[in-house]
S.K.: 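Pasting in a structure now, in structure tokens, and then I'll have a few things to ask.
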Amino acid sequence: MEAQAQGLLETEPLQRRDGDAVDNADFPSTLSEEDKEELKAELVQLEDEITTLRQVLSAKERHLVEIKQKLNMNLMNELKQNFSRSWHDMQTTTAYKKTHETLSHAGQKATVAFNNVGTAISKKFGDMRNSPTFKSFEERVETTVTSLKTKVGGSSHSGGSFEEVLNSTAHASSQKASAGPGQTKEEELQC
């Protein structure tokens, strides 16, 4: 049986040497000349049938290629279809569904955790800004800036918040820069 299947899988037609091998084979002495001739005829008939089947298969393969070309089906399209089908099949498996649900749940928990961390940090900064230490630091900076302005000769801001002092200092710096090099020392001191 294996020899028959192997013969069917060959792509080359049977050669004459195969027939010679049959002629030279030692048949058991139980076969009569009539049986030998009958087997030889059956062998020729099988060879002809195999050749015909190969020709039919080849013609059908050519016809298949022509149909695929007419339908604009090439190797890439077939691969895409196979991939899509495989992807769909994989998504319908229970293992994929469980993994997807687990990862989705983990992502939701991570989002909540990040939101909580952000809220905690914001609250901490708010608490820090309202703390006595920060307020003391803010007052010291305001006092230092006010005294520097007074010493330089600018107008004194009595009080004001830390942000107002920073804004006025930035404003004074920008006016100084826009005044250009033609400014006198006295004008610079009054800014």
Side-chain angles (χ1 to χ4, degrees), residues 1-130 134 163 166-167 170-171 173-174 177-178:
M1 179 77 177
E2 186 178 22
Q4 286 178 339
Q6 188 177 15
L8 292 175
L9 297 175
E10 292 178 4
T11 57
E12 299 295 319
L14 293 174
Q15 303 295 324
R16 183 67 198 147
R17 61 184 164 81
D18 295 330
D20 293 340
V22 171
D23 288 338
N24 296 332
D26 290 333
F27 288 106
S29 59
T30 57
L31 288 178
S32 66
E33 284 298 317
E34 186 179 300
D35 289 338
K36 289 180 186 179
E37 291 300 320
E38 191 176 303
L39 286 174
K40 286 181 183 180
E42 187 178 345
L43 180 65
V44 170
Q45 182 182 0
L46 281 173
E47 288 175 343
D48 289 343
E49 287 177 4
I50 289 170
T51 303
T52 304
L53 288 172
R54 285 187 179 139
Q55 290 171 348
V56 169
L57 179 63
S58 177
K60 291 208 179 266
E61 286 175 341
R62 281 193 303 272
H63 186 64
L64 175 73
V65 169
E66 290 171 3
I67 290 173
K68 285 184 176 183
Q69 286 174 346
K70 287 178 182 177
L71 293 174
N72 197 21
M73 291 175 61
N74 56 20
L75 180 61
M76 187 57 97
N77 288 343
E78 287 185 45
L79 289 174
K80 285 179 186 176
Q81 288 174 350
N82 288 342
F83 180 75
S84 296
R85 191 175 320 116
S86 298
W87 179 249
H88 175 72
D89 292 346
M90 186 193 68
Q91 285 179 325
T92 58
T93 63
T94 51
Y96 176 85
K97 287 178 182 177
K98 286 181 181 180
T99 304
H100 180 66
E101 289 172 6
T102 302
L103 291 176
S104 176
H105 187 66
Q108 290 170 354
K109 283 192 172 194
T111 301
V112 169
F114 284 130
N115 286 340
N116 289 343
V117 168
T119 303
I121 289 172
S122 296
K123 185 177 183 299
K124 209 56 158 162
F125 278 130
D127 292 347
M128 185 180 76
R129 186 173 173 136
N130 293 330
F134 187 81
E163 291 159 356
L166 285 178
N167 286 336
H171 180 67
S173 297
S174 67
S178 66

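Please read all numbers here as calculations on a predicted model, not as lab measurements. Note that the numbering runs from 1 along the sequence shown for the chain.
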S.K.: Given side-chain contact (heavy atoms from CB on, under 4.5 Å), test Lys40 with Glu37 step by step and report yes or no.
M.R.: CA-CA 5 Å; Lys40 286 181 183 180; Glu37 291 300 320; 4.3 Å; yes
S.K.: Got a list of side-chain donor-acceptor pairs under 3.5 Å for residues 112-122, not counting sequence neighbours?
M.R.:
from, atom 1, to, atom 2, distance (Å)
Asn115, ND2, Thr111, O, 3.4
Asn116, ND2, Val112, O, 3.4
Thr119, OG1, Asn115, O, 2.9
Ser122, OG, Gly118, O, 3.1

S.K.: Under 6.0 Å from the CD atom of Glu34, do we count more than 12 heavy atoms belonging to anything else shown?
M.R.: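 Result for CD/Glu34: open.
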S.K.: Quick test of your reading: applying salt bridge (charged side-chain N to carboxylate O under 4.0 Å, His left out), list the pairs with at least one residue in residues 61-77, sequence neighbours left out, ordered by first then second residue.
M.R.: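 Every pair satisfying salt bridge (charged side-chain N to carboxylate O under 4.0 Å, His left out) with a residue in residues 61-77: Lys68-Glu78.
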S.K.: Could you check Arg54 against Leu57 for side-chain contact (heavy atoms from CB on, under 4.5 Å), going step by step and ending with a plain yes or no?
M.R.: CA-CA 5 Å; Arg54 285 187 179 139; Leu57 179 63; 5.6 Å; no
S.K.: Go through the structure and list residues passing side-chain contact (heavy atoms from CB on, under 4.5 Å) with Asp48, not counting sequence neighbours.
M.R.: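 Expected list: Val44.
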S.K.: State, with a plain yes or no, whether a side-chain heavy atom of Leu71 is found less than 4.5 Å away from one of Ile67.
M.R.: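 Contact flag for Leu71/Ile67 side chains = yes.
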S.K.: Does the side chain of Glu38 come within less than 4.5 Å of Glu42's, by heavy atoms?
M.R.: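 The answer is no, as the side chains (C-beta and beyond) never meet within the 4.5 Å cut-off.
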S.K.: With a 4.5 Å heavy-atom cut-off, do Tyr96 and Trp87 have their side chains touching?
M.R.: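 Yes - at least one pair of side-chain heavy atoms lies under 4.5 Å apart.
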S.K.: Between Arg85 and Asp89 (salt bridge meaning N to carboxylate O under 4.0 Å), is one present in this structure?
M.R.: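 Answer for the salt bridge query: no.
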S.K.: Walk me through it: do Ser104 and Gln108 pass the test side-chain contact (heavy atoms from CB on, under 4.5 Å)?
M.R.: CA-CA 6 Å; Ser104 176; Gln108 290 170 354; 3.9 Å; yes
S.K.: Can Lys98 and Glu101 be counted as an ion pair, charged N to O under 4.0 angstrom?
M.R.: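 No.
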S.K.: Report the C-alpha distance between Leu31 and Leu39 in whole Å, list the side-chain angles of each, state the deciding distance to 0.1 Å, and finish with yes or no for side-chain contact (heavy atoms from CB on, under 4.5 Å).
M.R.: CA-CA 10 Å; Leu31 288 178; Leu39 286 174; 4.1 Å; yes
S.K.: From Lys60 NZ over to Leu53 CG, what is the distance, rounded to the nearest 0.5 angstrom?
M.R.: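 Between atom NZ of Lys60 and atom CG of Leu53 there are 11.0 Å.
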